[in-house]
Amino acid sequence: MGIARCSFSISNRPCRIRRAGRADLPGIYEIETQSFKDPYPREVLENLLSLYPYGFFVAEGDGRLLGYVIVRLIKGRGHVIALAVAGSHRRRGIGSSLLARGLEELRRRGAGSVWLEVRASNVTAQRFYLSQGFERLATISNYYDDLEDAVIYTMPLLS
Ligand SMILES: CC(C)(COP(=O)(O)OP(=O)(O)OC[C@H]1O[C@@H](n2cnc3c(N)ncnc32)[C@H](O)[C@@H]1OP(=O)(O)O)[C@@H](O)C(=O)NCCC(=O)NCCS
(Lines give C-alpha, C1' and ligand atoms only; values in the text may rest on other atoms or scores of the structure.)
Protein backbone atom coordinates (compact mmCIF):
# COMPACT_ATOMS: atom_id res chain seq x y z
CA MET A 1 0.00 0.00 0.00
CA GLY A 2 1.48 3.43 -0.11
CA ILE A 3 0.68 4.84 -3.50
CA ALA A 4 -2.76 6.11 -4.38
CA ARG A 5 -4.05 8.27 -7.18
CA CYS A 6 -5.20 11.82 -6.77
CA SER A 7 -8.62 12.55 -8.16
CA PHE A 8 -7.07 14.29 -11.18
CA SER A 9 -4.16 14.22 -13.63
CA ILE A 10 -1.63 16.85 -14.66
CA SER A 11 -0.70 16.97 -18.34
CA ASN A 12 -2.43 13.58 -18.64
CA ARG A 13 -0.02 12.10 -16.12
CA PRO A 14 -1.56 10.95 -12.86
CA CYS A 15 -0.81 12.74 -9.64
CA ARG A 16 0.10 10.25 -6.93
CA ILE A 17 -0.18 10.23 -3.19
CA ARG A 18 2.35 8.31 -1.15
CA ARG A 19 3.91 8.27 2.29
CA ALA A 20 6.48 11.00 2.86
CA GLY A 21 10.18 10.24 3.38
CA ARG A 22 13.09 12.33 4.59
CA ALA A 23 14.08 13.17 1.01
CA ASP A 24 10.74 14.98 0.63
CA LEU A 25 11.42 17.42 3.48
CA PRO A 26 12.94 20.24 1.35
CA GLY A 27 9.90 20.20 -0.99
CA ILE A 28 7.50 20.03 1.93
CA TYR A 29 9.25 22.97 3.60
CA GLU A 30 8.98 25.01 0.41
CA ILE A 31 5.21 24.46 0.24
CA GLU A 32 4.93 25.14 3.98
CA THR A 33 6.66 28.52 3.69
CA GLN A 34 4.52 29.49 0.67
CA SER A 35 1.34 28.53 2.49
CA PHE A 36 1.53 29.82 6.05
CA LYS A 37 2.55 33.08 7.64
CA ASP A 38 3.95 31.13 10.62
CA PRO A 39 5.47 28.09 8.86
CA TYR A 40 6.80 25.17 10.85
CA PRO A 41 10.61 25.30 10.97
CA ARG A 42 12.39 22.50 9.11
CA GLU A 43 13.25 20.72 12.37
CA VAL A 44 9.60 20.62 13.39
CA LEU A 45 8.62 19.04 10.05
CA GLU A 46 11.43 16.54 10.52
CA ASN A 47 10.17 15.71 14.02
CA LEU A 48 6.60 15.34 12.77
CA LEU A 49 7.83 12.87 10.16
CA SER A 50 9.64 10.86 12.86
CA LEU A 51 6.65 10.91 15.21
CA TYR A 52 3.87 10.25 12.71
CA PRO A 53 5.34 8.44 9.67
CA TYR A 54 2.01 6.59 9.29
CA GLY A 55 0.10 9.83 8.80
CA PHE A 56 2.47 11.94 6.70
CA PHE A 57 1.62 11.85 2.97
CA VAL A 58 2.72 13.82 -0.08
CA ALA A 59 1.14 14.39 -3.48
CA GLU A 60 3.49 14.40 -6.43
CA GLY A 61 2.97 15.18 -10.08
CA ASP A 62 4.70 17.21 -12.77
CA GLY A 63 7.93 15.71 -11.40
CA ARG A 64 7.68 17.53 -8.09
CA LEU A 65 5.89 17.70 -4.77
CA LEU A 66 2.52 19.42 -4.97
CA GLY A 67 1.24 19.11 -1.42
CA TYR A 68 1.30 17.27 1.86
CA VAL A 69 -0.90 16.30 4.78
CA ILE A 70 -0.02 15.24 8.32
CA VAL A 71 -2.54 13.43 10.50
CA ARG A 72 -2.13 11.66 13.84
CA LEU A 73 -4.19 9.49 16.14
CA ILE A 74 -4.63 10.52 19.77
CA LYS A 75 -6.72 8.41 22.14
CA GLY A 76 -8.96 7.10 19.41
CA ARG A 77 -9.45 10.48 17.73
CA GLY A 78 -7.84 11.76 14.57
CA HIS A 79 -6.16 15.16 14.31
CA VAL A 80 -5.19 16.94 11.10
CA ILE A 81 -1.92 18.65 12.01
CA ALA A 82 -1.27 20.30 8.64
CA LEU A 83 -2.41 20.31 5.04
CA ALA A 84 -1.09 22.46 2.21
CA VAL A 85 -0.97 22.47 -1.57
CA ALA A 86 1.54 24.36 -3.76
CA GLY A 87 0.08 27.75 -4.66
CA SER A 88 0.26 27.09 -8.40
CA HIS A 89 -1.73 23.85 -8.12
CA ARG A 90 -4.63 24.72 -5.85
CA ARG A 91 -8.27 24.15 -6.70
CA ARG A 92 -7.51 21.01 -8.71
CA GLY A 93 -8.53 18.40 -6.18
CA ILE A 94 -5.11 17.81 -4.61
CA GLY A 95 -6.14 19.03 -1.14
CA SER A 96 -9.24 16.79 -1.19
CA SER A 97 -7.20 13.79 -2.33
CA LEU A 98 -4.57 14.31 0.38
CA LEU A 99 -7.19 14.78 3.07
CA ALA A 100 -9.04 11.66 1.91
CA ARG A 101 -5.83 9.64 2.18
CA GLY A 102 -5.13 10.97 5.67
CA LEU A 103 -8.69 10.24 6.83
CA GLU A 104 -8.53 6.76 5.31
CA GLU A 105 -5.44 6.07 7.43
CA LEU A 106 -7.15 7.37 10.58
CA ARG A 107 -10.22 5.20 9.94
CA ARG A 108 -8.01 2.19 9.38
CA ARG A 109 -6.40 2.83 12.75
CA GLY A 110 -9.77 3.03 14.47
CA ALA A 111 -10.39 6.77 14.80
CA GLY A 112 -14.05 7.50 15.46
CA SER A 113 -13.78 11.19 14.60
CA VAL A 114 -11.32 13.81 13.44
CA TRP A 115 -10.69 17.40 14.44
CA LEU A 116 -8.49 20.29 13.34
CA GLU A 117 -7.76 23.93 14.11
CA VAL A 118 -7.67 26.68 11.52
CA ARG A 119 -6.99 30.40 11.75
CA ALA A 120 -10.18 32.44 11.98
CA SER A 121 -8.95 34.58 9.06
CA ASN A 122 -8.30 31.55 6.82
CA VAL A 123 -11.60 31.64 4.99
CA THR A 124 -10.33 29.53 2.09
CA ALA A 125 -9.35 26.63 4.34
CA GLN A 126 -12.66 26.85 6.20
CA ARG A 127 -14.59 26.69 2.93
CA PHE A 128 -12.43 23.75 1.94
CA TYR A 129 -13.09 21.84 5.19
CA LEU A 130 -16.83 22.56 5.03
CA SER A 131 -16.82 21.18 1.47
CA GLN A 132 -15.21 18.00 2.82
CA GLY A 133 -17.94 17.38 5.41
CA PHE A 134 -16.42 19.03 8.49
CA GLU A 135 -18.59 21.05 10.87
CA ARG A 136 -17.59 24.10 12.84
CA LEU A 137 -17.48 23.21 16.53
CA ALA A 138 -16.03 26.13 18.50
CA THR A 139 -13.65 29.06 18.55
CA ILE A 140 -10.60 29.24 20.80
CA SER A 141 -9.62 32.83 21.55
CA ASN A 142 -5.99 33.91 21.19
CA TYR A 143 -4.90 30.40 20.17
CA TYR A 144 -1.99 31.31 17.89
CA ASP A 145 1.29 33.01 18.85
CA ASP A 146 0.08 36.26 17.31
CA LEU A 147 -3.15 35.89 19.36
CA GLU A 148 -5.41 35.16 16.41
CA ASP A 149 -8.39 32.95 17.26
CA ALA A 150 -8.58 29.34 16.07
CA VAL A 151 -11.76 27.75 14.78
CA ILE A 152 -12.17 24.05 15.55
CA TYR A 153 -13.76 21.80 12.94
CA THR A 154 -14.77 18.18 13.49
CA MET A 155 -16.21 15.29 11.54
CA PRO A 156 -17.28 11.77 12.51
CA LEU A 157 -15.33 9.04 10.74
CA LEU A 158 -17.66 6.25 9.80
CA SER A 159 -16.00 3.00 8.80
C1 LIG B 1 -6.89 24.65 1.86
C2 LIG B 1 -6.12 23.98 0.70
C3 LIG B 1 -5.26 22.85 1.28
C4 LIG B 1 -7.13 23.40 -0.30
O5 LIG B 1 -6.41 22.66 -1.28
P6 LIG B 1 -6.94 22.55 -2.82
O7 LIG B 1 -6.12 21.53 -3.49
O8 LIG B 1 -6.96 23.91 -3.41
O9 LIG B 1 -8.43 22.06 -2.57
P10 LIG B 1 -9.41 21.29 -3.61
O11 LIG B 1 -9.06 21.64 -5.01
O12 LIG B 1 -9.40 19.84 -3.26
O13 LIG B 1 -10.82 21.95 -3.24
C14 LIG B 1 -11.94 21.20 -2.83
C15 LIG B 1 -13.09 22.14 -2.55
O16 LIG B 1 -12.75 23.03 -1.46
C17 LIG B 1 -13.40 24.30 -1.68
N18 LIG B 1 -12.36 25.33 -1.90
C19 LIG B 1 -11.03 25.14 -2.06
N20 LIG B 1 -10.40 26.33 -2.26
C21 LIG B 1 -11.37 27.27 -2.22
C22 LIG B 1 -11.35 28.67 -2.36
N23 LIG B 1 -10.20 29.37 -2.61
N24 LIG B 1 -12.54 29.36 -2.25
C25 LIG B 1 -13.70 28.69 -2.02
N26 LIG B 1 -13.78 27.35 -1.89
C27 LIG B 1 -12.62 26.65 -1.98
C28 LIG B 1 -14.23 24.15 -2.95
O29 LIG B 1 -15.51 23.67 -2.56
C30 LIG B 1 -13.45 23.07 -3.69
O31 LIG B 1 -14.23 22.36 -4.64
P32 LIG B 1 -14.41 22.99 -6.13
O33 LIG B 1 -13.05 23.39 -6.61
O34 LIG B 1 -15.01 21.83 -6.88
O35 LIG B 1 -15.35 24.15 -5.97
C36 LIG B 1 -5.23 25.02 -0.05
O37 LIG B 1 -6.01 26.15 -0.35
C38 LIG B 1 -4.00 25.48 0.71
O39 LIG B 1 -2.94 24.84 0.65
N40 LIG B 1 -4.11 26.62 1.45
C41 LIG B 1 -2.97 27.15 2.20
C42 LIG B 1 -2.65 26.28 3.40
C43 LIG B 1 -3.85 26.15 4.32
O44 LIG B 1 -4.56 27.11 4.62
N45 LIG B 1 -4.04 24.91 4.85
C46 LIG B 1 -5.12 24.59 5.75
C47 LIG B 1 -4.84 25.16 7.08
S48 LIG B 1 -5.36 24.12 8.38
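Remember, it's 1-based here, ligands and their atoms both numbered in the order they're listed.
- For atom 2 (C) of ligand 1, the protein comes within 4.0 Å by no heavy atom at all.
- Within the listing of ligand 1, atoms 11 (O) sit less than 4.0 angstrom from a heavy atom of R92.
- Within ligand 1, the atoms closer than 4.0 Å to a non-hydrogen atom of T124 are 20 (N), 21 (C), 22 (C), 23 (N), 37 (O), numbered from 1 in the order shown.
- Under a 4.0 angstrom heavy-atom cut-off, L116 registers as lying outside contact with ligand 1.
- Residue contact check: S96 has heavy atoms under 4.0 Å from atoms 10 (P), 12 (O), 13 (O), 14 (C) of ligand 1.
- Without hydrogens or angle criteria, Y54 side chain to L73 main chain gives a donor-acceptor distance under 3.5 Å.
- For atom 9 (O) of ligand 1, a protein heavy-atom neighbour is found at a distance under 4.0 Å.
- Between Q34 and S88 the shortest side-chain heavy-atom distance does not fall below 4.5 Å.
- Checked by atom type and distance alone, the side chain of Q126 pairs as donor or acceptor with a backbone atom of R119 at under 3.5 Å.
- Residue contacts with ligand 1: L83 is placed with a nitrogen or oxygen under 3.5 Å of a nitrogen or oxygen of the ligand (distance criterion only).
- Taking 4.5 Å as the limit, every side-chain heavy atom of R92 sits out of range of all side-chain heavy atoms of L66.
- Relative ring orientation between Y68 and F56 is described as tilted, the plane-to-plane angle lying within the 30° to 60° band.
- Put simply, the side chain of Y29 does not reach to within 4.5 Å of the side chain of P41, judged on heavy atoms.
- Ligand 1 places these atoms under 4.0 Å from at least one heavy atom of S131: 15 (C), 16 (O), 17 (C), 29 (O).
- The heavy atom nearest to atom 21 (C) of ligand 1, considering only R127, R119, R91, is found in R91.
- Close contacts between ligand 1 and Y129 involve ligand atoms 46 (C), 48 (S) [criterion: under 4.0 Å to a heavy atom].
- Annotation: V85 places an N or O atom under 3.5 Å from an N or O atom of ligand 1; distance criterion only.
- Between F128 and ligand 1, not a single N/O pair is under 3.5 Å apart.
- The number of heavy atoms from other shown groups lying within 6.0 Å of CD (Q132) is above 12.
- Taking a cut-off of under 4.0 Å to the non-hydrogen atoms of N122, the atoms of ligand 1 that pass are 43 (C), 44 (O), 47 (C).
- Between G95 and ligand 1, a contact under 3.5 Å exists for at least one N or O pair.
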